[in-house]
Amino acid sequence: MRCPTVVATAGILCLAASSLRAGEPERQPSPNAGAIVRVVDSVLAGLTLQEKIGQLVQYSGGWSTGPSGRRISDEQRQIIRAGQTGSLLNVTGAAETHELQRIAVEESRARIPLLFGLDVIHGFKTTFPIPLAEAASWDPDAVELSARVSATEAAASGVHWTFAPMVDIARDPRWGRIAEGSGEDPYLGARMAAARVRGFQGASLRDPASIIACAKHYAGYGGAEGGRDYNTADIPQRTLRDVYLVPFKAALDAGAQTFMASFNEIDGVPSSGSRFLLTTILRDEWKFDGFVVSDWNSIGELIPHGFAANPGEAAERAINAGLDMDMESHCYRDSLESLVRQGRVTIATLDEAVRRVLRVKFRLGLFSDPYHGATPERERQELRNPAHVAAARKMARESIVLMKNAGSLLPLPPNLKSIAVIGPLASNHGDLVGTWAGPTDTNDVVTLLDGIRETAPGAQVTYVQGCSIAGAETTGIASAAAAARQSEVVILAVGESEDMSGEASCRSSLELPGRQKDLVREVCATGKPVVVIFMNGRPLDLSWEQNHVPAILETWFLGHEAGHAIADVLFGAYAPTGRLPVTFPRSVGQVPIYYNHKNTGRPTDDQEHYTSRYLDLPSSPLYPFGFGLTYTSFRYADLRIARETVKAADTLLVTITLTNTGLRAGDETVQLYVRDEVGSVTRPVRELKGFQHVHLDAGGSTVVTLSLPVDALAFTGLDMRHRVEPGMFTVYVGPNAAEGLQGRFQVVPQ
Ligand code: BGC
């Protein structure tokens, strides 16, 4: 254990560090909280005003030394030595981070370790499916493991802190960052948020495989008007609390140590200057005691928002709102000192922000091991370790959603003689990693073509690209159709490029880009059995394919093991288990469309003119939230509700009998939804409140019991209080948000 000789406090630091028990779950209130407070206060007392400000400043790297060859400049070295930064982002590598940290803890006066942050979103060197895909697994344990693997690799490479999980609710598939989150639902989003925080942070932050999580983008960023990134989000406080904030609270409850303030404004106040979000809700109501980082330059962007006239005002509004660390706007660096001297920011406010940052560094154990166990040797062992690759394959298989399977075309028989593999995404490495893939190597991607060749060695596999993803060229389509004609089965991979979703990558259309639609039509016109594999970062409009193609798989961007995972599903080594975490519209004109909408006074009735509907389209989605098929079928019967009346403190048990009515074993995700029939304010037509995975052999039958804690029915009522209101509720148990058996129960006063 190294103990840096911190100004006048070294002894206390080492003592307190060693008094923390190894393996202690940091997500529980620490029994040593008092000791941490004392240590943090004594470190703080030894800092100059400039050093305090330095702790609140984060610089972006590209700062690197050692094997990668890039050198840190004298100026950068001087910034660290002078204690003018508390954190760097975008620097990785055990050797690189070690050299920078060494300067901080050996050459600076205060010797406070740096925190190295990075966007570790869905893998580090082993690339997992994009988060939206992982959410389609509806498997929090698998998602936790994915985050754990990412943390293990990143930590070995010197990263201490990931800017993840992204927990923004997204109801608009035009918004490119829908790819980065868990979809439209607060309950599923909360389960995924908590799983990811647990995975990143582990049971103990002091475990060298743990990194700090950051719940982002706080808040309402996914509500961008028109699905255009960075746009205004017009979200009433009730919807904010009952929908958008739910996964943030879950991340906090799971122990997330940091939050990131979002770019957008709500109701005239940009998040990075919102005292209501950053202090009233986060600190006063939720008792968050970690720190808040800005998004990239989001403090500086208070100026174009029209919320501050200059960098000084921006810094003043941000820190007084409760924003602790400035990512790259330099407003804190350049203005905090004079703001404090002028009394526009109190020393108490500044000290509190520094305390929060130091506390997190302390919890990670950086004061006892500033390198957090990262060594080049550990890095070599961990990056793309075979166990990590196996976990990525498992996660990828679970992320695939079977959308259609007419005539049981899938799984394909093992004895196929000829297969045509067609499409711009069929032999594609670069796009399959998806957005925010970090320091990935796209050569590690197993393409769909690779996966099929490996899984069906006896078949003659003909590959034709057909067309590009977005280009206007159509000359390859004829040879694609010719290859289709000569094969028993066609596997056709179409979709988006990885840079069509993610940050600043919004689309006004949900159609397949370029000439891919022509390719699909021509290949289908051959009359051959076609399986269309969609690869994309958002729900696309699959209407034509749903009407004309026998089999459709939604595979999103599955990461390094994509080809293996899809081949596992195509040939039946794995029967699909994925369920949609987001509604798929029939057309972009239906957007925003989400299952937990309000009923309105004139609920949709496509036969009745004066109801809430379109003249030219049914109002229902193409595929509802929760939808997904598998290679067998299930029957739901015999819904029973244990009690007719319950109180808020009770847990209600709901049972159904589930029967596998097909010819194969399979897994069903039994989903429980509730509708609060009448409230002090209107309530959604359905809300997901639980789900359970059930495996059944062909012909098998079982009673499935789901438990519903009645306090999960609480919402923000007319008086803005969060509570369960007595009254009648409908419960639905079924395979997705549009189907299911139903029953009723009553909540009576306590
Ligand atoms: C994104 C954040 C990200 C940050 C740092 C910003 O542009 O909005 O999600 O964490 O950059 O890379």
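Atoms within each ligand, like the ligands themselves, are counted from 1 in listed order.
Distance from atom 3 (C) of ligand 1 to its nearest protein heavy atom, with residue and atom name: Asp119 OD1, 3.2 Å. Among protein heavy atoms, the minimum distance from atom 11 (O) of ligand 1 is reached at Asp295 OD1, 3.6 Å.
Geometrically, ligand 1 and Trp436 share no nitrogen or oxygen pair separated by less than 3.5 Å. Distances between N or O atoms of Tyr221 and those of ligand 1 include no value under 3.5 Å. Considering backbone and side-chain atoms together, Glu180 places no N or O closer than 3.5 Å to any N or O of ligand 1.
Heavy atoms of Arg177 found under 4.0 angstrom from ligand 1 belong exclusively to the side chain. Contact annotation for Met260 and ligand 1: only side-chain heavy atoms (C-beta onward) come within less than 4.0 Å of the ligand.
Relative orientation of the His330 and Tyr59 rings is tilted, given thresholds of 30° and 60° on the angle between their planes.
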Apply ring-ring contact (aromatic ring centres under 6.0 Å, His included) to Trp436 and Phe163, showing your working. CA-CA 11 Å; Trp436 282 117; Phe163 307 121; 9.0 Å; no
Residues Tyr218, Leu278; criterion side-chain contact (heavy atoms from CB on, under 4.5 Å); working and verdict
CA-CA 9 Å; Tyr218 185 72; Leu278 302 180; 3.8 Å; yes
Step by step, work out the side-chain contact (heavy atoms from CB on, under 4.5 Å) result for Trp556 and Asn536. CA-CA 5 Å; Trp556 324 97; Asn536 39 256; 4.0 Å; yes
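The distance from ligand 1 to the heavy atoms of Phe263 drops below 4.0 Å at these ligand atoms: 7 (O), 8 (O). Residue contact check: Phe163 has heavy atoms under 4.0 Å from atoms 10 (O) of ligand 1. Shown in contact with Lys216 at under 4.0 Å from a heavy atom are these atoms of ligand 1, numbered in order with element: 2 (C), 3 (C), 9 (O), 10 (O).
Each of His98, His160, His372 was evaluated against Phe116; a single residue qualifies, His160, per the ring-ring contact (aromatic ring centres under 6.0 Å, His included) test.
Salt-bridge check for Arg177 with Asp168: failed, with every basic side-chain N at 4.0 Å or more from each acidic carboxylate O. Salt bridge status for Asp324 with Arg283: present, with a side-chain N to carboxylate O gap under 4.0 Å.
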